[in-house]
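All ligand and atom numbering here is 1-based and tracks the order in the structure. Model, not experiment: these values are computed from the prediction.
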Amino acid sequence: MSGAPGPDARGRDAGDRVVIAGAGLAGALLACMLGRRGVPVLLCERRADPRIGGYSGGRSINLALSVRGLAALRAVGLEDAVLRDAIPMRGRMIHDASGGTAFQPYSRVAGDAINSVSRGRLNMTLLDAAEASPGVEIRFEHRCVDADPDAASATFEQADGSTVTIGGRVLVGADGAFSAVRSRLQRAERFEFSQSWLAHGYRELTIPPRADGAFALQPDALHIWPRGGAMMIALPNADRTFTGTLFWPLEELERARDDAAVRAYFRQVYPDAVPLMPDLAREFRTNPVGSLVTIRCAPWHWRDRVVLVGDAAHAIVPFYGQGMNAAFEDCRVLCDLLDGAGGDWARTLPAYTAVRKPDGDAIADLALANFVEMRDHVGSRLFLARKKAEKVLHRLFPRACLPLYNMISFSNIPYSAARRIAERRRRLLHASLHAAIVTLAVLAAFALGRLL
Ligand SMILES: Cc1cc2nc3c(=O)[nH]c(=O)nc-3n(C[C@H](O)[C@H](O)[C@H](O)COP(=O)(O)OP(=O)(O)OC[C@H]3O[C@@H](n4cnc5c(N)ncnc54)[C@H](O)[C@@H]3O)c2cc1C
């Protein structure tokens with residue numbers, strides 16, 4: 001089979017075609033965005049169509065969607081449709097080891113909330129929208145097994161085991177953390193790549209509705225059971241269940257325990273959650289363990305022929321709830337740059353790497369740091385005092401003192417700029433505290449000298 005572009009089955013000029021490997025969250029959204037710009041798109045996904053056979057995502061059942069993701073969905077007219085099925089979470093509900101709870105709002109601004117959405121439903125909404133976009137064709141059961149970066153072509157294995165090579169003007173790797181397109185780029189000289197695994201993994205558990213059909217926990221919150229070195233979180237679903245996720249050291253998650261030992265351990269460590277999880281022991285035994293990886297690479301493009309978006313470019317750990325949001329922002333920024341370059345991919349792709357790579361690195365670092373904050377600090381007095389101080393400063397100086405969490409989750413300030421601003425503010429605060437302590441000490445010494 002040839003990788004050279006030619007007229008496709010619908011007679012369009014495949015010379016301008018963009019071939020996207022991976023019809024997950026980023027791939028399907030990018031197909032919508034490009035289709036609306038009149039760019040012909042061929043979207044190839046390794047799985048079968050989830051709208052026919054049901055969705056099997058293999059990862060978190062629900063996700064927190066925030067401002068960046070919403071901005072990208074708005075660009076293709078999907079924000080309202082997605083928000084209709086979402087559950088807003090206004091803050092964290094901290095569950096302490098004795099079963100007590102405390103609510104911490106995410107923001108002092110009314111209406112600021114992150115939104116719990118179903119991964120499967122969102123993916124299917126995006127697939128419907130991609131299919132309805134002019135010039136977009138989707139092929140399922142097409143697994144990318146190789147790519148030719150210089151030809152912007154990829155080879156796909158089909159359901160019957162045969163392969164087909166498809167080329168276009170640009171090849172997009174939207175095929176997730178273990179991207180086949182990226183792994184082909186990794187063979188090129190001067191392509192940087194690193195991956196690091198967390199010592200913690202995750203396992204999901206279900207909290208069903210109460211007998212009267214109501215949510216078993218307050219639904220407008222992201223629930224956290226911080227336990228120093230490990231934690232459980234729970235996000236609400238539209239069917240009034242919660243999906244709980246244990247983030248534990250892998251050896252603890254994988255250690256064989258009988259059902260009685262599981263229940264006994266949970267009664268001791270998560271006492272208020274146990275009565276809400278009737279199927280706890282069986283789910284703990286049978287639900288799969290997931291691993292958490294941070295992947296960095298550079299550049300995110302190859303000449304003017306290949307580009308990576310979403311987890312293919314930057315897989316991050318989920319503790320800031322930003323992986324999908326960053327993936328959607330990639331698509332929005334890429335398309336804005338394409339518009340700015342008058343559709344010229346040769347100018348767009350290097351600009352995309354230059355703009356987005358620092359942001360990918362920043363959110364990867366922030367997500368790792370937030371794991372420590374969520375599991376070890378959110379219940380501590382020092383953390384609460386810091387959050388209170390941040391809120392007071394934010395009230396006094398709403399623009400100058402926007403807390404880091406708000407910059408990341410409730411604004412479109414580039415991640416790298418948000419991190420820089422927060423770091424500068426932290427240094428300033430430390431210097432001011434230091435100066436205040438020195439001044440007080442000098443004044444105290446002076447007063448003491450006069451007394452003596
Ligand atoms: C436990 C957990 C919780 C998370 N929670 C959040 C959250 O709350 N908020 C948030 O913003 N993010 C969250 N994330 C991150 C989020 O899931 C990812 O960042 C997001 O899915 C990235 O989208 P993507 O389209 O780049 O990749 P994916 O969603 O992985 O999609 C890749 C697609 O490519 C397909 N594919 C793979 N290989 C091939 C191939 N060889 N050929 C063709 N197709 C292929 C796959 O089948 C899939 O459809 C979480 C992640 C985890 C693990």
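In this structure, the side chain of Arg305 engages the main chain of Gly168 through a donor-acceptor pair within 3.5 Å. Judged purely by atom type and a 3.5 angstrom limit, Asn325 uses its side chain to pair as donor or acceptor with the backbone of Ser66.
The distance from ligand 1 to the heavy atoms of Ala174 drops below 4.0 Å at these ligand atoms: 32 (C), 33 (C), 34 (O). Of all the atoms in ligand 1, the ones that sit under 4.0 Å from a non-hydrogen atom of Gly310 are 26 (O). Interface of Arg143 with ligand 1, defined as ligand atoms under 4.0 Å from a residue heavy atom, comprises 41 (N), 42 (N). Of all the atoms in ligand 1, the ones that sit under 4.0 Å from a non-hydrogen atom of Gly176 are 27 (O), 30 (O), 32 (C). Contact atoms of ligand 1 toward Gly323: 10 (C), 11 (O), 12 (N), 15 (C), 19 (O) (distance under 4.0 Å to a heavy atom of the residue).
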Legend entry - side chain to side chain contact (heavy atoms under 4.5 Å, CB included) evaluation trace for Leu83 with Asn115: CA-CA 8 Å; Leu83 279 181; Asn115 302 283; 3.7 Å; yes
Inset, instruction - Take Trp300 and Phe193 through the ring pair (Phe, Tyr, Trp, His ring centres under 6.0 Å) test and state the conclusion after the steps. - result: CA-CA 10 Å; Trp300 289 4; Phe193 170 78; over 10 Å; no
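Proximity of Val170 to Val18: side-chain heavy atoms (C-beta onward) are separated by under 4.5 Å at one or more points. Looking at Ile233 and Phe247, their side chains come closer than 4.5 Å, going by heavy atoms from C-beta outward.
In the model, Thr155 has no side-chain atom that pairs as donor or acceptor with a side-chain atom of Asp146 under 3.5 Å. Side-chain contact of Asp330 with His314: a donor-acceptor pair under 3.5 Å is present, judged by distance alone.
In this structure, Arg92 satisfies the cation-pi test against Tyr405, with its NZ or CZ atom closer than 6.0 Å to the six-membered ring centre and inside 45 degrees of the ring normal.
Looking at Tyr202 against ligand 1, only its side chain comes within 4.0 Å, counting heavy atoms. Only the side chain of Pro318 comes within contact range of ligand 1, with a heavy atom under 4.0 Å; no backbone atom does. Only side-chain heavy atoms of Arg47 come within less than 4.0 Å of ligand 1; its backbone N, CA, C and O stay farther off.
Comparing Arg46, Glu141, Arg119 against atom 51 (C) of ligand 1, the shortest heavy-atom distance belongs to Arg119. Which of Glu204, Arg139, Glu45 comes nearest to atom 35 (C) of ligand 1 through a heavy atom is settled by distance: it is Glu45. Counting only non-hydrogen atoms, the option in Ala154, Ala147, Ala26 that gets closest to atom 24 (P) of ligand 1 is Ala26.
For ligand 1, one of its N or O atoms has an N or O atom of Asn325 under 3.5 Å away. Residue-to-ligand polar distances keep Ala312 apart from ligand 1: every N/O pair is separated by 3.5 Å or more. Between Leu235 and ligand 1, not a single N/O pair is under 3.5 Å apart. Between Met324 and ligand 1, at least one N/O pair is under 3.5 Å apart.
From Lys357, atom NZ reaches atom CG of Leu308 across 11.0 Å, with rounding to the nearest 0.5 Å.
Contact analysis puts His142 in contact with ligand 1, with a non-hydrogen atom separation below 4.0 angstrom.
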